[in-house]
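Got a structure here, written out as structure tokens. Questions coming.
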Amino acid sequence: MKKALIASTALVLTAGVAAADVTISGYGRTGVIYYEDGLQNQNSTTGEAGSDSQVISRLRMNIDAATSTDQGVDFGARFRIQWDQNGDDNGELNPGKLYVTSSGLTVEVGNVDTALDSAGLIYGSELGSYDRSVGGNALGSFFAYESAAYSDDDRLGIAATYAVENLEVRFSYVDPDQTGLSEDFIPDDPATDDDEEFNAKEEFSFSVDYTWNERLELSGGFALNGAGIDDHDVYFVGARYAVMENARIGLNWIDNGDAGSITGISSDPTNPNIIADFGNTVTLYGDYTLADGLTNIEAYIANNSGDWTQKETDNAFGIGVNYDLGGARLGASLQRDYQERVTADMGVRFDF
């Protein structure tokens, strides 16, 4: 009886493996990040700064399951497990997503890849093995695929992507609370006795990427009610041109909208940061691969027209390098933010 039960279990498992593909992919990275004035871990109550330099690591594992019907329609699902050094997730499982693909059209439900966050060039200025850009990335908030648990379990995402030859078009919709109970709810903050509006407006996002003649990349998109914040809209347009086989130059423009976050801000209560305007960000960036085919040098300079009290300059810049080890890469970067603080990093990343 026991042997029969084991044989039956093995048959069921074998049938499941034959019918569906289950894969694990992801990456690991580790190294050292330096940020002037100890801003990586600052006490938000007292303003006390932590260490300038810290070892920062990440392990990301994507669990994908997929199957195909006899008609050629692909169905799939994804979970992600991620651990970040100094983070509070401790390798927890994130919300999942389901998808179906047919004839170039992919539709996702759940924790979806949002349209603006998936635009091909919006993160084009990131440097080093940590893929950081303290000046070129968007300051305005918008929804993205979540690697950690939702802050609201009732969040719903729907996305569609259509790809044909050199063109890819995306649309996404995220409702932070599909029950509708919190959309207009304004709770009272017990700490300050002030009202705080709950960000529960639906976000509508769109992006498109086009590559011409394998040399010119065009990218653009927008998010309306970004991150569920009413009337907060983020717009992006970018282009990158391969001037040589081993050299590219790009230009991005971002309207950051009315809400977001700024890298390099001090939480010292004696010097609160008051934001009048996130402004527009224009970033010139590029990269060059040396003759060895393994060493890639990258750099950017960004200008932001915004206005906040801790801002010291309208210009941020950075330079970075990556060395390809074949399946892994060594990387480093040196950058200065809009508060004129210097940050640097060096580390290694491997993909699997």
Tabulate below the donor-acceptor pairs under 3.5 Å that side-chain atoms of residues 257-265 make, not counting sequence neighbours, or state none.
none

R29 side chain reached by S57 side chain, heavy atoms, under 4.5 Å: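 No; the side chains remain at least 4.5 Å from each other.
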
Point-to-point distance, once rounded to the nearest 0.5 Å, from OG of S172 to CD of E203: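 That separation rounds to 6.0 Å.
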
Distance in Å, D345 CG paired with R132 CZ, rounded so as to fall on 0.5 Å steps: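 Result: 4.5 Å between the selected atoms.
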
Distance in Å, S25 OG paired with F352 CZ, rounded so as to fall on 0.5 Å steps: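 It is 7.0 Å, given to the nearest 0.5 Å.
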
Residues N252 and Y285: side-chain donor-acceptor under 3.5 angstrom: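 Yes.
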
Exercise: do T114 and D117 side chains pair donor with acceptor under 3.5 Å: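 Looking only at side-chain atoms, D117 and T114 do not form any donor-acceptor pair under 3.5 Å.
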
Proximity of F171 and F206 rings by center, below 6.0 Å: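 Between F206 and F171, which both carry aromatic rings, the centre distance is not below 6.0 Å.
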
Same apolar cluster: F143 and I122, side chain cutoff 4.5 Å: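 No, F143 does not connect to I122 through the hydrophobic network.
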
pair E217-R248: side-chain heavy atoms closer than 4.5 Å: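 They are in side-chain contact.
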
Pair E202-N225, side-chain donor/acceptor within less than 3.5 Å: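 There is no such pair (donor and acceptor under 3.5 Å, judged by atom type) between the side chains of E202 and N225.
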
Cluster link L294 to L330, ILVMFWY, side chain under 4.5 Å: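 As far as the 4.5 Å side-chain criterion goes, L330 and L294 are connected within one cluster.
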
No-hydrogen, no-angle side-chain donor-acceptor test under 3.5 Å, Q82 and N94: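 Distance-only check fails for Q82 and N94.
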
Polar side chain donor-acceptor pair, N273 to K311, under 3.5 angstrom: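 No, no side-chain donor-acceptor pair sits under 3.5 Å.
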
Pair R336, T343: side-chain N/O donor-acceptor within cut-off below 3.5 Å: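 No, no side-chain donor-acceptor pair sits under 3.5 Å.
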
Set of residues satisfying side-chain hydrogen bond (donor to acceptor under 3.5 Å, both in side chains) with respect to R341, sequence neighbours excluded: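 Testing R341 for side-chain hydrogen bond (donor to acceptor under 3.5 Å, both in side chains), a comparison that skips the adjacent residues, returns D37.
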
Point-to-point distance, once rounded to the nearest 0.5 Å, from CG of D231 to CG of D233: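 So the gap between those two atoms works out to 6.5 Å.
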
pair S305-D314: side-chain heavy atoms closer than 4.5 Å: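 S305 vs D314: side chains apart.
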
Qualifying ring-ring contact (aromatic ring centres under 6.0 Å, His included) pairs with a residue from residues 86-138, counting only residues at least two apart or across chains: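 As it turns out, there is no ring-ring contact (aromatic ring centres under 6.0 Å, His included) pair with a partner in residues 86-138 once direct neighbours are skipped.
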
Whether D337 side chain and E340 backbone form a donor-acceptor pair below 3.5 Å: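 Indeed, once roles are kept as given, a pair shorter than 3.5 Å links the two residues.
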
Flag side-chain contact, heavy atom, 4.5 Å: D209 against L218: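 They are not in contact (no side-chain heavy atoms under 4.5 Å apart), so the answer is no.
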
Side chains of Y338 and Q310, donor plus acceptor under 3.5 Å: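 The answer is no; no qualifying pair exists.
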
Short side-chain donor-acceptor distance under 3.5 Å, N303 and N315: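 N303 and N315 do have a side-chain donor-acceptor pair below 3.5 Å.
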
Check: E108 side chain, D113 main-chain N or O, donor-acceptor pair, under 3.5 Å: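 Flag set: sc E108 to bb D113 pair under 3.5 Å.
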
More than 12 heavy atoms of other groups within 6.0 Å of D153 CG: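 No, the 6.0 Å shell around CG holds no more than 12 heavy atoms from other groups.
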
L167 vs V208, side-chain contact (heavy atoms from CB on, under 4.5 Å): CA-CA, chis, key distance, verdict: CA-CA 7 Å; L167 177 67; V208 59; 3.7 Å; yes

Distance, nearest 0.5 Å, that separates CZ of F222 from CD1 of I254: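 Output value for this atom pair is 15.5 Å.
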
I63 reachable from F75 in the ILVMFWY side-chain graph, under 4.5 Å edges: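 Not linked; separate clusters.
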
Taking every non-hydrogen atom, the tightest pair across P269 and P272: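 Smallest heavy-atom distance, with atoms named: O-CD, 3.5 Å.
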
Face-on cation placement of R60 at Y27 ring, 6.0 Å and 45° thresholds: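 No, a cation-pi geometry is absent between R60 and Y27.
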
Audit row: R58, R349, side-chain contact (heavy atoms from CB on, under 4.5 Å) steps and yes/no: CA-CA 9 Å; R58 168 180 288 177; R349 167 175 167 156; over 6 Å; no

Main-chain N/O of G140 paired with N256 side-chain donor or acceptor, under 3.5 Å: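 Here the side-chain-to-backbone pair exists.
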
Donor-acceptor pair, side chain of T161 and main chain of R170, under 3.5 angstrom: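 Not at all, since once roles are kept as given, no pair shorter than 3.5 Å links the two residues.
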
Test item: side-chain donor near acceptor, T289 and N296, under 3.5 Å: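 Yes.
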
side-chain contact (heavy atoms from CB on, under 4.5 Å) partner of F236, the single match among T281, L116, D255: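 Among the candidates, only L116 passes.
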
Main-chain N/O of N62 paired to R78 side chain as donor or acceptor, under 3.5 Å: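 Flag not set: sc R78 to bb N62 has no pair under 3.5 Å.
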
Member of D177, V174, D175 meeting the side-chain contact (heavy atoms from CB on, under 4.5 Å) criterion with R155: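 Among the candidates, only V174 passes.
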
L105-Y210 co-clustered via ILVMFWY side chain contacts under 4.5 Å: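 Linked within one cluster.
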
Validation row: L290, I297 side chains within 4.5 angstrom (heavy atoms):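 Result yes, sub-4.5 Å side-chain heavy-atom pair found.
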
Single-linkage hydrophobic cluster W253~L251, side-chain heavy atoms < 4.5 angstrom: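 Yes, it is one cluster - the side chains of W253 and L251 are joined through contacts under 4.5 Å.
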
Sub-4.5 Å side-chain heavy-atom contact between Q339 and W308: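 A side-chain contact under 4.5 Å exists here.
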
Q335 side chain to G135 backbone, donor-acceptor under 3.5 Å: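 The answer is no, because no donor-acceptor pair under 3.5 Å joins these two groups.
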
Within 45° cone and under 6.0 Å: R329 NZ/CZ vs Y323 ring: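 Because its charged atom misses either the 6.0 Å distance or the 45° angle limit, R329 does not stack over Y323.
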
